[in-house]
Amino acid sequence: MRETVAERWSRRIVLTLLTLFVLVPLYVMLSTAIKPLSDVRDSFSWLPKRVSLDAFVDMWETVPLGRYLVNSLIVSTAAAVLSVAIAILAAYATSRWRFRGRGLFLASALSTQMFPGILFLLPLFLIYVNVGRATGIELYASRTGLVLTYLTFSLPFSIWMLVGYFDAIPRELDEAASVDGAGPMRILFRVLIPTAVPGILAVTVYAFMTAWGEVLFASVMTDETTRTVAVGLAGYSTQYDVYWNQIMAASLVVSVPVVAAFLFLQKYFVAGLTAGAVK
């Protein structure tokens, strides 16, 4: 079917509005970041009256942004790697074997996404504190505890997504490998994982972004030394002043790792999202 003139212009108008919806806030962030604080406090203007890069320098001294970035990178990377590693094994078993309770397991994994995170905040806090008192293993206010916390968010959905990817891979590949003498683990690492790379990368990006931007648990489960960047940005707002230009500059800087990872893995990410859509 050929596209009519009305449909073409409707599509152009909608895409233009969506583009402006995305780009205008980014432009405001950038223009605010390159303004002196006195100009930011003045009446709003779309074009900076004076251009200054002091905010990109001062933001590292106002709060320990470097430490927060390191904490976020360590926690997000560890949570993503562990989530994908465990999800691959769980999804492989769920996809390739039929066992009693399989449907209930998948439904339970997906249903965990329906509950708000605030319901788990107090129980996890009490568990971490009591574990620390009983065993001496400090989970509260530690990176390890935060990684375990983020696994409760990303792991169930990662398993559910990877089951769909593995189900889309023909079982004939498994049978051909088994005829050649390959066992279950060799089939997983030599056949399924190389075939499901787009899906695995999509799940990795999802798990990383979930941990990178999380605020609720990071604000409670961390202290000054383990605080992540999502919570650390609040340090630019004090009871005496709000450094708007530094907030915008820091927001742009902390967005770079996620944007760079997404652009680098974009083609795999798009392919992974649609890998299990059609069998």
Side-chain angles (χ1 to χ4, degrees), residues 29 33 55-87 116-118 120-133 135-158 201 203-239 241-265 269:
M29 289 176 61
F56 289 92
V57 178
D58 297 338
M59 67 180 185
W60 302 99
E61 301 177 358
T62 304
V63 301
L65 185 62
R67 184 200 307 159
Y68 298 159
L69 277 172
V70 171
N71 290 336
S72 290
L73 285 173
I74 293 175
V75 170
S76 300
T77 302
V81 171
L82 286 175
S83 179
V84 171
I86 299 173
I118 191 67
F120 303 99
L121 181 59
L122 182 57
L124 281 176
F125 174 79
L126 294 177
I127 290 172
Y128 287 178
V129 171
N130 290 327
V131 167
R133 291 175 179 174
T135 65
I137 301 175
E138 295 296 336
L139 295 178
Y140 173 71
S142 69
R143 294 170 180 168
T144 303
L146 202 58
V147 170
L148 294 177
T149 301
Y150 291 154
L151 284 178
T152 63
F153 301 142
S154 59
L155 185 56
F157 192 65
S158 298
L201 290 177
V203 172
T204 304
V205 173
Y206 161 78
F208 184 88
M209 294 179 64
T210 300
W212 184 268
E214 201 279 326
V215 175
L216 175 63
F217 285 85
S219 62
V220 176
M221 298 293 189
T222 60
D223 56 14
E224 184 63 28
T225 59
T226 59
R227 189 166 296 163
T228 60
V229 71
V231 180
L233 291 177
Y236 293 103
S237 176
T238 67
Q239 60 179 335
D241 207 348
V242 179
Y243 302 98
W244 290 109
N245 55 345
Q246 295 185 37
I247 293 177
M248 297 298 103
S251 299
L252 291 173
V253 170
V254 302
S255 301
V256 170
V258 176
V259 173
F262 181 82
L263 293 177
F264 180 73
L265 301 174
F269 187 71

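Sequential numbering from 1 along the given sequence is applied to the chain's residues.
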Worksheet item: Do you know which two heavy atoms are closest between Ser237 and Val242, and how far apart they sit?
Response: OG-CG2, 3.6 Å
Response to the item:
Tightest non-hydrogen contact, residues Val147 and Ala78, listed as CG2-CB, 3.9 Å
Discussion item. Working to the nearest 0.5 angstrom, can you tell me the gap between Ile127 CD1 and Leu139 CG?
Written reply: 10.0 Å
Worksheet item: Can a donor-acceptor pair be found between the side chains of Asn71 and Arg143 at a distance below 3.5 Å?
Response: yes
Practice prompt. Compare all side-chain heavy atoms of Met59 with those of Val63 and state whether any distance is below 4.5 angstrom.
Written response: no
Worksheet item: Less than 4.5 Å apart, any side-chain heavy atom of Trp60 and any of Val253?
Response: yes
Fill in: Non-hydrogen side-chain atoms of Arg227 and Pro64 separated by less than 4.5 Å
no
Worksheet item: Less than 4.5 Å apart, any side-chain heavy atom of Tyr128 and any of Leu148?
Response: yes
Discussion item. Please report the interatomic distance CD1(Ile247) to CE(Met29), rounded to the nearest 0.5 Å.
Written reply: 10.5 Å
Discussion item. Using a 3.5 Å distance criterion without hydrogens, assess whether the side chain of Ser158 forms a donor-acceptor pair with backbone atoms of Ser83.
Written reply: no
Worksheet item: Partners of Glu138 by side-chain contact (heavy atoms from CB on, under 4.5 Å), sequence neighbours excluded?
Response: none
Fill in: Distance, nearest 0.5 Å, that separates OG1 of Thr210 from CG of Leu151
11.0 Å
Item to complete: Answer whether the closest heavy-atom distance between the side chains of Thr228 and Phe217 falls below 4.5 Å.
Response: no
Worksheet item: Is there a side-chain contact between Leu65 and Tyr236 (heavy atoms, below 4.5 Å)?
Response: yes
Fill in: Val254 vs Leu69 side-chain heavy atoms within contact, under 4.5 Å
yes
Worksheet item: For the residue pair Tyr140 and Val220, what are the closest heavy atoms and their distance?
Response: CE1-O, 3.2 Å
Worksheet entry | Distance, nearest 0.5 Å, that separates CZ of Phe120 from CG of Leu216 | 11.5 Å
Worksheet item: When the ring planes of Phe153 and Tyr150 are compared, do they come out parallel, tilted or perpendicular, using 30° and 60° as the limits?
Response: tilted
Discussion item. Is the shortest side-chain heavy-atom distance between Leu73 and Val70 below 4.5 Å?
Written reply: no
Worksheet entry | By side chain to side chain donor-acceptor pair (under 3.5 Å) - contacts of Thr225 (at least two apart) | Asp223
Response to the item:
Separation between CE (Met248) and CG (Leu233), nearest 0.5 Å, reads 9.0 Å
Practice prompt. I would like to know whether Val229 and Trp212 meet side chain to side chain contact (heavy atoms under 4.5 Å, CB included); could you show each step before the answer?
Written response: CA-CA 8 Å; Val229 71; Trp212 184 268; 4.1 Å; yes
Worksheet item: Roughly how far, to the nearest 0.5 Å, is the OG1 atom of Thr226 from the CE atom of Met221?
Response: 11.0 Å
